[in-house]
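Input: a single structure, listed below in structure tokens.
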Amino acid sequence: MSTLETRFAGIKCLNPFWLASGPPTNCGEQIMRAFDAGWGGAVWKTIGTQVTNVSSRYSSIDWNGQKMMGLNNIELISDRPSEVNLREMTEVKRRYPKHVVIASLMVESKREAWHEMVQRAEGAGADGLELNFGCPHGMSERGMGSAVGQVPEYCEQIVGWVKETARTPVIVKLTPNISDIRLPARAAKHAGADALSAINTINSITGIDLDTLEPRPNVDGKSSHGGYCGPAVKPIALNMVQQVMSDPQAVLPMSGIGGIGSWQDAAEYILLGAGTVQVCTAVMHYGYRIVEDMGDGLLAWMRRKGYESLSDFRGLSLLRMCDWKHLNLNFKVVAHIDESKCIGCELCYTACWDGAHQCIHLDRALAAPDTMRTPAMVAEESSRRISTTPIAKLDLNGGGVQGPYVTPLERIPRVDEEHCVGCNLCSLVCPVPECITMQRVDTGLVPETWAERVAANDGTEVDSAGKCAGR
Amino acid sequence: MSMSESTNFFSRAQGSVEVAARFAELHPPLEKTAAVIEALRCLYCFDAPCAAACPTHIDVPKFIKKIASGNLEGSARTILDANILGASCARACPVQVLCEGACVMHRYNKQPIEIGRLQRFATDALHASGAPLPFSPGADTGRRVALIGGGPASLACAAELRRRGVRAAIFDARPLPGGLNTYGIAEYKLPLAESLREIDLLAQLGVEFHFETVVDAAKLAELDASYDAVFLGMGLGGIHKLGVVGEELEGVTNALEFIAGYKSGTIHRAPARVAVIGAGNTAIDAANAAVRLGANEVHMVYRRGSEQMSAFAFEYEHAREVGVKFLWHVMPVGVVGTKQVQGLELAHLETTDDGSLVTRPGENFVLATDLIVLAIGQATHTEFLDRTPVRDGAKVRLERGRIVIDRDTGQTSNPKYFAGGDCVNGGREVVDAVADGKRAGIGIAAWLAGQRANSLEIAGGYDVNA
Ligand SMILES: Cc1cc2nc3c(=O)[nH]c(=O)nc-3n(C[C@H](O)[C@H](O)[C@H](O)COP(=O)(O)O)c2cc1C
Ligand code: SF4
Ligand code: SF4
Ligand code: SF4
């Protein structure tokens, strides 16, 4: 029997699915409904000195009809009094003792202020503390949030103050608005943090109203940069998680955050070493109910793969990440089109001509291969072809489909395998699943990496920094 | 009418409320959100097969992406640039066998993009915006072309000519322009008023219209003398007669008159029993119209079986859905009645071994009916060309009554004459006529430019027309 139960920095979890600190965790009533829906934990909306928020606060990016590919916000930390938040936290813990409640905290950069806040949160029953060093707007202007997370020394100092008094695990939430996320992570670890979470939101401007020229979100005709999250940020977040998890000086239990909304997303974070995952935007979009399929789907996948617990696969893909210089230069794949699946959209053709290496051709129906025919020539020929409405009995267009496939032969592109560099682009644009596959070709060469080539040329040792931990 | 005046044919449509109510649109317009969602589904194929299948080669993915991006103005311009009657084609085209029939989605998720409805969405938006036609006439070349017939072929030809600075004068026998586009398309597909609205837009290019003008041999000779080129776009002639006893009785009509009658408001109702003879798309349109006009028993009568009918399969389905009944393998041998039609006498037909049809003697029967609608094909209408002047040793060459042209330019064997549409292809779709007219318009302008270059050469560089 596979299980989703897990431990994170010593905290027992019913499952790895936590709500990230944000609007879904504004109050106790919400969090209890979330637990009823199946969430294993919740990081309370950041508690600290009470703030005033603006209206409006959010803006988003839609993409090709999909709403909220990316979400941007200029909201601050909790605008409720901390006593109210903490009173409700006690109530939640009383009613849901097995569920994880983490107090997210942000106060002035003063030792006493942090001591007091930590003690109050733990007194309220929090299972752990998350230090919000990530909020990129507003709070950072007051010397908090990402203003701390961007300076490893500040980070180290505050974690040190917290650790002086904290009895529960201390999680440091990292900001992505920094060129090397490993530096604050190392500082946190050095100061004794028990765990990390990443990422908080990314500085962003989502767009501008082209009628009024006002950037969004609009606050009385003006706007301010916000923090970006949602599906669009997942690749950035995954990279940051991997960077930290592959760094021996930074690695700690990791709560992965950023663009998570499905069991696949969760699995990917865990494969890169995350212990738990946190979700904000997807819940803001669809509600707490999404956790059901996250659990159901993840368990089904684990059963298919033969994994009994999360630790059976945690970090496995981390073992396959390395620096570019350790990749095999003599490995080669080429694109292969399955003619029986191809629908003849010719998107691979334009992609390869305009965006890759001009090695897909439309010459299957010609007498001989023609690699010199450009897209413009193809389009020009078509524009001059005369076509008429077919009438069954006197069809001027000639008989149906030519060639052995459902798609007319002249519309099925051909890959010139000799010149294909194996970039993947055509297989990425092809709308048909498994129609273009990248197939390995034997180069007859022994594996060689850039690091090895340089070493061989220079007669030096192979640079092993950034090598894969696996294989 | 002078070239710059704007027309208002739309206001001259005499629709009847009753007919409008009975001919509700077959394909309702797309609502805005639905249009954008549908547009986003389009894959944006390269050298798109939908565009290749369109006789006017509208750049389908280009106009669809402009709907998705919210650039409706550009979308309509893309459509009209390739097909000046893009609005009526969006409604009248048998898209199932054209663009939508060729859509790659048939091989993907089996749901082709609704190109016709998207095209209508974009062109409707242009009409609704009240914006002018997004093209302007070319600089005047001083050249003049007479266009015979005011249907889609001539209209498309005229638009190309005007965009190239050639003057265009259309001569039509009817009181309103558009030919079959105005008078012959089932009202539930393309209302008469919509055809006129589109022509009003086109007319902004400055087209001269001469209505109620029959062009016979004498008139043609006159036009030949005063115009630099002639475009023949008069379509086909009347519907064939049955050639049986009683055909002259009251209550025998033909499909074109019947359809034009209800569309232009002279026919409001059909009698209880109607028999339509023929099984082409026009026959089906007439039968469907009879049902909508109140007939409670409509029969279609055809010499052969359902497999041989020339109507598109989806048209046949449509007729069956509205309750039209079919009598296969029968042939009319007489019309029964004294003054008014009472019935149609039919004989059973059999196919012999050599494929010819013979009647089964002694088994004739009478189908009781109040109205007989003939839809057994149209005759050609080209006799008046017999007396066109011979030029460069050539007359306008005909083949089985149809005008023979060079398909790329529309030029006939008499170089001054160009032709397109039904009088060339024997009767196809509006879009085929538009494509012919468009190629001919470009062809004429190029030929005229060549003529001018020649005359300049002959005159030693002095422009005799300047
Ligand atoms: C409206 C909004 C408010 C947020 N407020 C907080 C906050 O108070 N404290 C915090 O640590 N993170 C806050 N976040 C960041 C989220 O916890 C999370 O790190 C980020 O949204 C990325 O995850 P996602 O892609 O699942 O949304 C907020 C995010 C949003 C959208
Ligand atoms: S893999 Fe890249 S280079 Fe090769 S055919 Fe595809 S797009 Fe072209
Ligand atoms: S992208 Fe795929 S479906 Fe489209 S033409 Fe290329 S191989 Fe065929
Ligand atoms: S074939 Fe279909 S999917 Fe492709 S461009 Fe045309 S409408 Fe779009």
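Convention: sequence-line order gives letters A, B, ...; per-chain numbering from 1.
Annotation for A/E214: atom CD counts as buried by contact number, over 12 foreign heavy atoms lying within 6.0 Å. A 6.0 Å sphere centred on CD of B/E307 holds more than 12 heavy atoms belonging to other residues, nucleotides or ligands. The environment of CZ in A/R216 is crowded: more than 12 heavy-atom neighbours from other residues, nucleotides or ligands sit within 6.0 Å. Residue B/F314 places its CZ atom among more than 12 non-hydrogen atoms of other residues, nucleotides or ligands, all under 6.0 Å distant. Residue A/R289 places its CZ atom among 12 or fewer non-hydrogen atoms of other residues, nucleotides or ligands, all under 6.0 Å distant. Enclosure of atom NE2 in B/H27 is not indicated, since only 12 or fewer non-hydrogen atoms of other residues, nucleotides or ligands lie within 6.0 angstrom. A/I205 CD1: 12 or fewer foreign heavy atoms inside a 6.0 Å radius. At most 12 heavy atoms of other shown residues, nucleotides or ligands fall within 6.0 angstrom of atom CG in A/D220.
Only the backbone of A/S383 has a heavy atom closer than 4.5 Å to any heavy atom of chain B. For B/A53, the part lying under 4.5 angstrom from a heavy atom of chain A is the backbone only. Using a 4.5 Å cut-off between heavy atoms, B/L98 contacts chain A through its side chain alone, with no backbone atom that close. Looking at B/A52, the atoms closer than 4.5 Å to chain A (heavy atoms on both sides) all sit in the backbone: N, CA, C or O. Only the side chain of B/V431 comes within less than 4.5 Å of a heavy atom in chain A; its backbone stays farther off. For B/D408, the parts lying under 4.5 angstrom from a heavy atom of chain A are both the backbone and the side chain. At a 4.5 Å heavy-atom cutoff, the contact between B/C54 and chain A is made by backbone atoms alone. If you measure heavy-atom distances from B/P94 to chain A, the contacts under 4.5 Å come from the side chain alone.
Going from atom CG of B/D47 over to atom OG1 of A/T350 covers 10.0 Å, rounded to the nearest 0.5 Å. Taking CZ of B/R41 as the reference point, atom CG of A/N64 lies at 13.5 Å (rounded to 0.5 Å). Distance check: A/C345 SG to B/M105 CE gives 9.0 Å after rounding to the nearest 0.5 Å. The distance from the OG atom of A/S382 to the CZ atom of B/F46 is 7.5 Å, given to the nearest 0.5 Å. In this structure, the separation between CZ on B/R107 and SG on A/C342 is 7.5 Å, given to the nearest 0.5 Å. How far CZ of A/R384 is from CZ of B/R439: 13.0 Å, rounded to the nearest 0.5 Å.
Of the possible polar contacts, one joining the B/H57 side chain to the A/R385 backbone as a donor-acceptor pair under 3.5 Å is found.
Of the N and O atoms on the side chains of B/D432 and A/T389, at least one donor lies less than 3.5 Å from an acceptor on the other residue.
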List the steps, then state whether side chain to side chain contact (heavy atoms under 4.5 Å, CB included) holds for B/R407 with A/T388.
-> CA-CA 11 Å; B/R407 292 190 81 201; A/T388 48; 3.4 Å; yes
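Here the closest non-hydrogen pair linking A/I343 and B/L43 is CD1-CD1, 3.7 Å.
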